[in-house]
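All ligand and atom numbering here is 1-based and tracks the order in the structure. Computed over heavy atoms, backbone and side chain alike; hydrogens, waters and symmetry mates excluded.
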Amino acid sequence: MDEYDRKAIEEKWQNNWEERKLYHFDKASDKPVYSIDNPPRYASGPLHVGHATHYTHIDFAGRYRWQRGFNVLFPLCVDVNGMPIEVNVEKAHGIRMRDTPRQEFIRMCKEFADKNIDSIVNQFKILGCCMDPSVFYRTDADYYRRLTQITFIRLYDRGLIYKGLAPVNWCPRCGTALADAEVEYQDRETKLNYVHFGVEGQDEDVIVATTRPELICTCQLAAVSPKDEAKAHLVGKKLITPIYGREVEVVADDKVDMDFGTGLVMICSIGDKDDLEWIYRYDLTIEAGIDGTGRMTSIAGDYKGMEISEAKAAIVEDLDKNGLLSKQEDLQQSVGACWRCHTPIEFLQVPQWFLKTLDAKEDVLRLADELNWFPEFMKIRLEDWVNSLNRDWVISRQRYFATPIPIWECNSCGDIVLAKEEDCYIDPTATPPPSEVCPECGEKLTGCEDVFDTWMDSSISPLFISFWEREPELFQKVFPTSLRPQSHDIIRTWAFYTLLRSNYLTGQRPWNDIMIDGFILGPDGRPMHASLGNIIDPLELLEEYGSDAWRYYSATVSLGEDSAIQVKEVVHGQRFCTKLWNMERFMSRFVKGQMSVPVEELRTPDKWILTQYSRMVEEVTEHYDTFQFDKAVRKIEAFAWHVLADHYIEMVKHREDDALCYTMYEIGLGIIKLLAPITPHICDEIYEQVYKEHDGAESVTISQWPEPILTDDDEEEKGELVKDIISAVRNWKSEKGLALSTEIELVEVIGPKVQYLLGCEEDIAATLKTKDILLKEEADVVEVPTAIKPVHAVIGPHFREHAKEISDKLTNLAPEELAPALETGELSIQLSNGDTVKIEKHMVDIVKTPMLDGKAVHSLTVGDLLVLIGE
Ligand SMILES: [Zn+2]
Ligand SMILES: [Zn+2]
């Protein structure tokens with residue numbers, strides 16, 4: 001093998017895989033299909049670390065299935081619909097959608113997306129992803145939108161879609177309705193305004209606290225808490241709104257919090273969710289004070305035409321001027337906002353298209369229950385969301401760049417003409433209706449200008465990729481698809497809507513497994529954001545450390561957990577690759593190809609490593625099956641470095657026999673195969689240089705997954721003991737500062753069960769460079785006292801001024817003479833002053849040395865065994 005040239009290798013294989021069309025789905029194949037409902041990447045922004053991690057996770061799953069012999073369907077795909085692109089185009093060109101001609105704006109969006117798609121495809125390539133370009137799709141293509149429109153027509157025909165006038169979440173900035181799932185909650189600082197309201201027939205005012213003074217124009221009711229005795233007298237009376245002078249009744253309502261503000265609230269249509277509830281409870285009419293573009297309507301009187309914030313400032317000023325504002329307080333408030341542009345949402349009464357959702361709750365929960373969730377705890381998030389739903393899904397949006405709703409509406413009677421399925425894809429704003437005039441009243445028809453919520457497109461992705469409505473035989477083979485990978489933030493949208501649509505259109509679950517990923521945070525553990533300066537560009541890391549290093553890092557990220565990016569794991573990934581290369585290079589010296597060696601020929605260390613290897617293969621396979629890539633990579637790494645390299649390779653370096661070559665080949669190849677889904681570039685290069693001619697696959701990435709080879713518990717236990725004896729002696733050598741290759745005269749292993757190791761003497765001796773090795777049940781060794789050490793803590797206090805003299809004498813006397821006398825308690829020492837003192841056992845330490853045939857040896861304990869080393 002050559003040197004490891006990381007850059008050249010990665011480029012080589014990325015081009016090679018592409019040129020050989022290695023990962024193309026084969027429609028004609030009889031192999032079982034593994035299909036991945038890959039999240040189409042938004043064509044609207046740069047690659048961030050979250051993408052780079054999640055898409056490599058998905059890639060691990062795909063590559064693993066190729067090696068398991070599946071015909072893998074893993075489409076390369078991009079999402080080119082909806083607001084993110086529109087918002088980007090508005091920003092890039094400094095324009096506003098509604099001031100730009102519709103078709104012109106759509107053209108600009110498409111142009112923007114096209115430019116991004118090339119770089120997205122290239123980014124997937126340098127990440128080493130094996131997505132299949134032969135089943136490429138983009139969600140704005142006619143072939144995709146056609147299916148969205150067909151599903152609409154079918155659901156409409158079944159009475160599951162209706163047009164309704166209902167309060168919807170509305171983003172005044174984007175000028176469109178939003179689904180509940182598209183509303184994000186943010187904490188904001190706002191002002192609580194204490195405003196004077198008159199009381200009918202009284203001189204005295206009351207104070208209402210409100211954060212929305214601009215909505216006083218729509219105030220229809222006021223309320224106090226039924227527990228509020230101080231204000232009980234107001235119930236049933238009428239208040240007079242400031243500025244507008246409208247009479248509104250006061251009611252007692254449980255929902256009023258008497259501790260908030262003054263405990264007296266005004267009820268408007270519609271400021272927030274509470275208002276909505278009150279409107280239904282008291283059967284109020286909805287008065288729109290704000291229009292779809294976020295400006296005040298004629299109801300607001302003098303403030304008509306102002307933007308919301310402008311109107312708020314103006315009315316506060318007017319109230320103040322007229323002495324109607326008693327005070328203002330700062331208030332922290334949680335406000336619903338548009339998930340795209342973060343503008344606070346309003347509730348508007350707008351005609352919209354709805355897909356019945358509430359009726360299907362039970363069905364969706366049943367399908368969710370049929371799925372395998374990885375990790376399991378993510379399922380509860382979907383269940384909670386479904387259980388909390390209280391409105392049908394608003395599927396229409398008032399935007400331009402999305403799939404048009406395929407209908408024409410009568411200007412006069414409101415009747416609706418649907419497009420024909422065979423005419424889809426169709427843009428009703430640019431195509432005449434199937435019948436020239438309204439079939440009901442004969443008046444003119446107008447193409448619907450509303451478009452679909454982008455989730456209407458993406459929630460049929462599993463149907464699209466399984467050739468639904470195009471190739472019925474393939475659909476039978478592919479659907480339900482095998483896997484939906486996605487991140488946890490879109491469980492309530494993408495996962496939920498897909499289950500809902502699949503239920504309506506097929507009655508089946510859309511996938512078998514769902515794999516949910518967490519977020520990748522900045523190095524400081526906070527979400528990455530330009531203002532925090534904690535953005536890490538994955539492209540820079542890929543450039544510096546390479547794709548395999550990045551993929552190694554991705555593998556260490558646990559599924560489903562939010563985690564701070566660990567650049568040190570990317571660096572470690574690069575080191576991992578270098579180590580793998582060097583180890584495989586060493587092992588390749590022994591590779592002679594596939595061999596069959598009778599089990600009897602295998603030596604204990606071979607059976608030991610093959611057993612450990614086989615167990616590792618089983619566990620790693622299980623981890624891949626359950627998408628626990630972090631556990632898989634850690635297990636392979638621990639085996640390769642800490643079992644194989646540290647011990648086995650050291651144990652067998654001296655051998656050249658067939659058993660060794662067989663073992664080296666099987667394990668060396670097995671490791672490459674197990675790692676191929678994670679670090680495919682380096683693995684394919686090693687495979688090509690060492691194993692390909694023997695193993696025979698075109699690429700390790702589509703070669704057969706390794707199987708366990710043998711498990712032999714006895715031999716494993718024996719091998720473990722051999723390994724422990726060898727490491728104990730090697731440690732002893734390095735502690736003594738001896739080279740590991742230093743020869744030693746003798747190793748004797750002693751213990752009652754030592755016969756167990758018969759046959760392993762040669763392995764131990766050769767590795768330890770021992771001239772002679774003996775296994776004995778009992779030791780011939782004698783322990784000879786070789787030194788006597790006075791215990792000063794005892795001798796000092798006991799003999800006081802004579803202590804030093806006694807210590808010196810004890811140290812200088814021959815230990816072999818002192819020891820027997822000590823044992824019998826008859827050791828006396830004569831002092832220089834003529835006195836004789838008696839030395840007791842506890843006053844000295846006797847150091848004993850094991851002696852074998854009159855020579856000193858060193859002793860080590862390994863489990864129950866005693867190991868003697870003669871230098
Ligand atoms: Zn918005
Ligand atoms: Zn009509």
Side-chain angles (χ1 to χ4, degrees), residues 42 44-45 79 81-100 105 109 112 156 162-163 165 167-188 270-273 290-295 307-310 334-348 350-353 394-402 405-419 428 432-456 489-490 492-493:
Y42 265 134
S44 58
D79 193 356
N81 274 332
M83 274 203 270
I85 288 178
E86 292 175 336
V87 171
N88 270 297
V89 165
E90 287 183 322
K91 263 192 223 151
H93 296 273
I95 54 170
R96 288 196 68 140
M97 184 182 82
R98 297 202 191 282
D99 306 334
T100 313
F105 189 77
C109 289
F112 174 87
Y156 184 91
Y162 63 94
K163 192 172 195 178
L165 197 66
V168 292
N169 304 305
W170 187 271
C171 173
R173 156 70 185 71
C174 298
T176 184
L178 298 172
D180 284 351
E182 290 173 316
V183 176
E184 57 173 34
Y185 287 86
Q186 315 178 330
D187 287 328
R188 297 208 176 194
I270 318 168
D272 58 27
K273 275 226 159 106
I290 298 166
D291 72 11
T293 64
R295 291 179 186 276
E307 289 196 354
I308 299 166
S309 56
E310 234 180 306
S334 172
V335 181
C338 169
W339 73 303
R340 284 298 173 205
C341 71
H342 314 298
T343 304
I345 55 144
E346 299 293 336
F347 288 93
L348 284 195
V350 181
Q352 296 289 349
W353 290 95
V394 182
I395 56 171
S396 47
R397 295 289 182 275
Q398 290 64 46
R399 303 294 298 180
Y400 293 174
F401 188 58
I405 300 183
I407 48 171
W408 291 263
E409 290 169 279
C410 173
N411 299 351
S412 166
C413 72
D415 196 40
I416 279 163
V417 174
L418 284 166
S435 59
E436 222 168 283
V437 290
C438 170
E440 282 294 312
C441 71
E443 286 298 315
K444 215 174 148 242
L445 294 165
T446 307
C448 177
E449 288 195 352
D450 286 358
V451 294
F452 286 120
D453 175 7
T454 176
W455 299 111
M456 270 294 274
D489 57 325
I490 50 175
R492 54 187 202 166
T493 47

Given the Zn ion (ligand 1) as the apex, I'd like the angle to SG of Cys171 and SG of Cys341, rounded to 10 degrees. 100°

Can you tell me the angle formed at the Zn ion (ligand 1) by SG of Cys338 and SG of Cys174, to 10°? 120°

Under 2.8 Å from the Zn ion (ligand 1), is there an N/O/S atom belonging to His342? no

Which atom of Cys448 lies closest to which atom of Pro428, heavy atoms considered: O-CG, 3.8 Å

Lys163 with Glu409: basic N within carboxylate O range, under 4.0 Å: yes

Between Arg397 and Glu86, does at least one N-O distance fall below 4.0 Å, as a salt bridge requires? no

Could you tell me the separation between the CG atom of Asp450 and the CD1 atom of Ile395, rounded to the nearest 0.5 Å? 10.0 Å

Cys441 SG to Cys413 SG via the Zn ion (ligand 2), rounded to 10°, gives 110°

